[in-house]
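Here is the structure we will look at.
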Amino acid sequence: MVEQGNRVLVFSQFTSYLKMAREVIQKAGMKEMFYLDGSTPSKERQGMVEAFQNGKGQVFLISLKAGGLGLNLTGTNYVIHLDPWWNPAIE
């Protein structure tokens with residue numbers, strides 16, 4: 001997706017799974033990406049969101065819990081849920 005110029009949001013409810021995804025993406029050669037989970041300070045979080053919205057980075061990895069707190073990310077072409085919940089209405 002990224003090689004074709006797309007930007008991607010990757011969600012997971014498990015931060016350990018997101019960290020593994022980040023490692024795989026980095027090993028593939030992509031260095032500029034964002035990672036947000038519940039431990040991300042709010043100032044840093046807002047800076048990442050603004051940078052992504054302004055075209056920086058091609059991948060944004062977000063924990064579902066942290067991402068459910070008022071994020072508005074429209075600068076993406078694809079959204080991937082690594083572990084869809086049993087209830088699609090919650091997603």
Side-chain angles (χ1 to χ4, degrees):
M1 284 182 250
V2 170
E3 288 176 358
Q4 295 173 351
N6 295 296
R7 302 179 75 222
V8 183
L9 291 178
V10 180
F11 288 101
S12 176
Q13 62 182 323
F14 303 105
T15 56
S16 57
Y17 197 20
L18 276 180
K19 289 174 184 174
M20 289 185 334
R22 179 174 57 184
E23 289 175 15
V24 169
I25 293 167
Q26 287 172 331
K27 285 180 183 176
M30 184 177 304
K31 303 297 181 202
E32 192 173 358
M33 73 181 84
F34 296 101
Y35 175 91
L36 187 148
D37 65 20
S39 68
T40 307
S42 60
K43 280 187 179 182
E44 187 177 327
R45 170 188 170 112
Q46 186 59 36
M48 286 191 284
V49 169
E50 288 175 10
F52 189 77
Q53 288 294 91
N54 290 321
K56 190 171 183 182
Q58 294 172 294
V59 176
F60 204 139
L61 297 126
I62 305 173
S63 74
L64 280 174
K65 211 174 213 183
L69 297 173
L71 287 184
N72 186 8
L73 291 165
T74 57
T76 185
N77 304 67
Y78 288 91
V79 176
I80 298 171
H81 288 265
L82 293 179
D83 42 48
W85 289 5
W86 63 271
N87 183 349
I90 292 174
E91 291 176 14

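Quick note: numbers below take in every heavy atom, side chains included, and nothing from hydrogens, waters or symmetry partners.
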Phe14 and Leu61: same hydrophobic cluster, using ILVMFWY side-chain contacts below 4.5 Å? yes
Going hydrophobic residue to hydrophobic residue with side-chain gaps under 4.5 angstrom, can you get from Ile62 over to Met48? yes
Does Phe34 belong to the same Ile/Leu/Val/Met/Phe/Trp/Tyr cluster as Ile80, with side-chain heavy atoms less than 4.5 Å apart forming each link? no
Strictly distance-based, threshold 3.5 Å: is any side-chain N or O of Asn6 a donor or acceptor partner for the main-chain N or O of Met1? yes
Hey, could you give me the OG1/CD distance between Thr40 and Gln46, rounded to the nearest 0.5 Å? 12.5 Å
Please say yes or no: joined through hydrophobic side-chain contacts below 4.5 Å, possibly via intermediate residues, are Phe52 and Tyr35 part of one cluster? no
Do the ring planes of His81 and Phe11 sit parallel (below 30°), tilted (30 to 60°) or perpendicular (above 60°)? parallel
Verify same cluster id: Phe60, Val79 (apolar side-chain graph, 4.5 Å): yes
State, with a plain yes or no, whether a side-chain heavy atom of Leu18 is found less than 4.5 Å away from one of Asp37. no
Say whether, by atom type as modelled, one donor and one acceptor occur between the side chain of Arg7 and the main chain of Lys56 under 3.5 angstrom. yes
Looking only at atom types and distance, does a side-chain atom of Gln53 sit under 3.5 Å from a main-chain N or O of Thr74, one as donor and one as acceptor? yes
Ignoring hydrogens, what is the shortest heavy-atom contact between Gly38 and Ser63? Give both atom names and the distance. N-OG, 4.0 Å
dist Ser12:OG -> Lys19:NZ (nearest 0.5 Å) comes out at 11.5 Å
Heavy atoms only: give me the nearest Tyr17-Asp83 pair and the separation to one decimal. CD2-OD2, 3.5 Å
